[in-house]
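In this text the structure is predicted, and so the values were computed from the model without any measurement.
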Amino acid sequence: MSKLLEIKNLRVSFKGNEVIHGVSYTLQQNEILGIVGESGSGKSVSSLAVLGLLPKKNVKISGEILYEGKNLASLSNKAFQHLRGNEISMIFQEPMSSLNPSMTCGKQVEEVLLQHKICSKKEVKTTVLSLFEKVKLPRVSQMYRSYPHQLSGGQKQRIMIAMAIACKPKLLIADEPTTALDVTVQKEIIHLLKHLQQETQMGIIFISHDLSLVSEIADKIVVMYQGNIVEKGNTTTIFHTPQHTYTKALLQSKPSLEVRLKKLPTIQDALNGTISTEVVSADERAKRHAKLYEKPPLLEVRNVSKSFYSKAGIFGKSTEVKAVNNVSFSLYEGETLGLVGESGCGKSTLGNTILQLHKASEGQILYKGVDITKLATDQIRNLRKEIQIIFQDPFASLNPRIPIGAAILEPMKVHGLYATNSERKEKVLELLERVGLDASHYGKYPHEFSGGQRQRVGIARTIALQPKLIICDESVSALDISVQAQVLNLLNELKDNFGFTYIFISHDLAVVKYISDQLLVMNAGQMEELGEADAIYAHPKSSYTQKLIDAIPKGI
């Protein structure tokens, strides 16, 4: 194999601050290279430099980026325009923000083909449909006519892959292409990229924070930390016998499917050499559960259904879609119920129905013995103090114009907690430290924090009202594995200290198994399984649950 891409001593500085410190690696033709590291490690910046997508102003790039022997670091914008799409393509992390919402998916792929003169206007639609079949999209004619918002996350990502391979590139850069996807869809995308690579013989750079996931697709791996390469080598060696402490930490931060640790190791624990391997025994867990289930349930969901209706046409009738169909369970004070399933299974709708953001179509929801589906508006407002939610995207749920201290203080004021604003501010400062932030962060704005820090702000805002029940809706799914470990540890610590009860919604069965006492598996609005989390994982009764377990990236 000959070299397709060779990076030699690449350095990148923003406004004089060096963020990439002399990175070097090689990608051969017909090879998949995995680049692994946390947010801020430099993995995406180094790849954007390959495509010439870094801003020219206040950015300094040195070193060599050799593509088929040609140094891309010295190319003009015009030369790059020919190269991008034609020979080097990229799949971005978030397909919804990369696709044009006002154009159909078919037209967007057509645009790429016509721009690069791959086919004539007569042949373009047939070529697009053929590409859609290649990336294994269902109902290709319908997909061609659909807008991005009408497709699922996995389907949108397949559209992006079709666009990226439209010009038959020699090099494909996939930047976190599966991060926000269900584990089952994630597995499908991994298999699809592998299949396309074998078919077209292109080279792929696959970027992720998940070493287990990367090991399932890559031939060799580069591990990055704080702008440096700390380890590189073939996949089997890196995954089974990692040498660098940071690489070991990336592997250890992921919840184990075999052992239940009392505390997940974080990157900082590993770097400090303070990893705790203390496990929760089956006996300890059984005693804890016996104590939990002595009391009456805090929440009872009885035969709850929630239907949505599509708008009727001129002659047609509206169509009923049962997003939640006859779901029942009990939740006890101090317990965590894991709610797991693929996108569209109804888990978030069920959470919103419990919160009374949606009204149940059928059934009862008893909180402390009272049917909250029958409460008046002012009574529901008082209930908000007791039942709170932590959202998936903390950046979207925080007002960018309000400092985080004021954002945490606001719900206290609305619900009349504490006598004065100075008392509330004192409580906010205490909460910031409680969730692992600093009192000096009080006056900072959301954009000044990392993803993990923003999620801590979201948690502080939620617990400010001292709720009894907290619904965590995909609250760690977009975080780095190490940051995810920190947030999961924090949630467990807060539960022990304050006696919180959680409904933890996620598509990641490994995370849900780690944090949960009970597990509820949902599929197409219905309950597939309900029971003790470890028991369901060890002996799933449903083939759907088994499919979710099989899709968890376990590494090679």
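Between Lys513 and Pro255, every side-chain heavy-atom pair lies at or beyond the 4.5 Å cut-off. Counting heavy atoms from C-beta outward, Thr545 and Tyr537 have side chains that stay 4.5 Å or more apart. Contact annotation: the side chain of Ser46 approaches that of Leu10 to within less than 4.5 Å [non-hydrogen atoms, C-beta and beyond]. The closest side-chain heavy-atom distance from Cys105 to Gln155 is not below 4.5 Å. Taking the side chain as every heavy atom from C-beta outward, Leu491 and Phe500 never approach each other to under 4.5 Å. Using a 4.5 Å cut-off on side-chain heavy atoms (C-beta onward), Phe239 and Ile221 make no contact. Here the side chains of Leu490 and Leu494 are in contact, with some heavy-atom distance below 4.5 Å. No side-chain heavy atom of Val487 sits under 4.5 Å from any side-chain heavy atom of Ser475.
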Exercise for the section: Check the pair Val36 / Ile238 against side chain to side chain contact (heavy atoms under 4.5 Å, CB included), numbers first and verdict last. Expected result: CA-CA 11 Å; Val36 185; Ile238 296 278; over 6 Å; no
Practice task
For ring pair (Phe, Tyr, Trp, His ring centres under 6.0 Å), just list the numbers for His244 and Tyr225, CA-CA rounded to whole Å, side-chain angles, deciding distance to a tenth of an Å, and then say yes or no.
Solution key: CA-CA 11 Å; His244 197 276; Tyr225 177 60; 7.3 Å; no
Problem - Thr241/Thr236 under side chain to side chain contact (heavy atoms under 4.5 Å, CB included): CA gap, chis, key distance, verdict - result: CA-CA 8 Å; Thr241 54; Thr236 309; over 6 Å; no
Practice task
Could you go through the side chain to side chain contact (heavy atoms under 4.5 Å, CB included) check for Asn30 and Gln197 one step at a time?
Solution key: CA-CA 7 Å; Asn30 191 25; Gln197 189 266 337; 2.8 Å; yes
Practice task
Begin with the C-alpha distance, continue with both residues' side-chain angles, and end with the deciding distance and a verdict on side chain to side chain contact (heavy atoms under 4.5 Å, CB included) for Leu398 and Tyr445.
Solution key: CA-CA 9 Å; Leu398 291 168; Tyr445 289 84; over 6 Å; no
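Contact check on Asp496 versus Lys262 returns no salt bridge, with no Lys/Arg side-chain nitrogen under 4.0 Å from an Asp/Glu carboxylate oxygen. Checked for salt-bridge contact, Glu188 and Arg158 meet the test: a charged N lies under 4.0 Å from a carboxylate O. Between Glu342 and Lys547, at least one side-chain nitrogen of the basic residue sits less than 4.0 Å from a carboxylate oxygen of the acidic one, meeting the salt-bridge criterion.
No side-chain donor from either of Asn77 and Gln81 sits under 3.5 Å from a side-chain acceptor of the other. Between the side chains of Ser506 and Asp508, no donor-acceptor pair is found at a separation under 3.5 Å. Remark: the Glu231 side chain and the Tyr246 side chain contain no N/O donor-acceptor pair separated by less than 3.5 Å.
Checked by atom type and distance alone, the side chain of Arg84 never pairs as donor or acceptor with a backbone atom of Ser89 at under 3.5 Å. Between the side chain of Lys187 and the main chain of Asp550, a donor-acceptor pair closer than 3.5 Å is present. Judged by distance alone, with hydrogens and angles left aside, the side-chain atoms of Ser516 form no donor-acceptor pair with the main-chain N or O of Leu519 at under 3.5 Å. Ser24 contributes a side-chain N or O that, together with a main-chain N or O of Asn9, makes up a donor-acceptor pair within less than 3.5 Å. In this structure, the side chain of Lys43 engages the main chain of Glu38 through a donor-acceptor pair within 3.5 Å. Under a 3.5 Å cut-off, the side chain of Glu529 and the backbone N or O of Pro540 do not form any donor-acceptor pair. Of the possible donor and acceptor atoms, none in the side chain of Thr336 sits under 3.5 Å from a partner among the backbone N and O of Asp517. For the pair Asn489 (side chain) and Leu264 (backbone), a donor-acceptor distance under 3.5 Å is present. Although no hydrogens or angles enter the test, the distance criterion places a donor-acceptor pair under 3.5 Å between the side chain of His441 and the main chain of Asp438. Here the side chain of Arg11 pairs no donor or acceptor atom with the backbone of Glu18 at under 3.5 angstrom.
For Ile549 against Ile536, the heavy-atom pair with the smallest separation is CD1-O, 4.3 Å. Between Val50 and Phe80, the shortest heavy-atom distance links the atoms O-CE2, 3.5 Å. Closest approach of Thr462 and Ile389 over heavy atoms only: OG1-O, 3.1 Å. Pairing each heavy atom of Ser47 with each of Ile207, the nearest pair is OG-CD1, 3.1 Å. Of all heavy-atom pairs between Lys248 and Pro242, the closest is CE-O, 3.2 Å. Residues Ser212 and Pro553 share a closest heavy-atom pair of CB-O, 3.8 Å.
Within a 6.0 Å radius of CD in Glu199, more than 12 heavy atoms belonging to other residues, nucleotides or ligands are found. More than 12 heavy atoms of other shown residues, nucleotides or ligands fall within 6.0 angstrom of atom CD in Glu87.
Screening Glu31, Glu68, Met202, Gln28 for a side-chain contact (heavy atoms from CB on, under 4.5 Å) with Leu4, the sole residue that qualifies is Glu68.
Summarising the geometry, atom CG belonging to Leu83 is positioned 15.0 Å from atom NZ belonging to Lys78; distances are rounded to the nearest 0.5 Å. Rounding to the nearest 0.5 Å gives a distance of 5.0 Å between CD1 of Ile204 and CG of Leu193.
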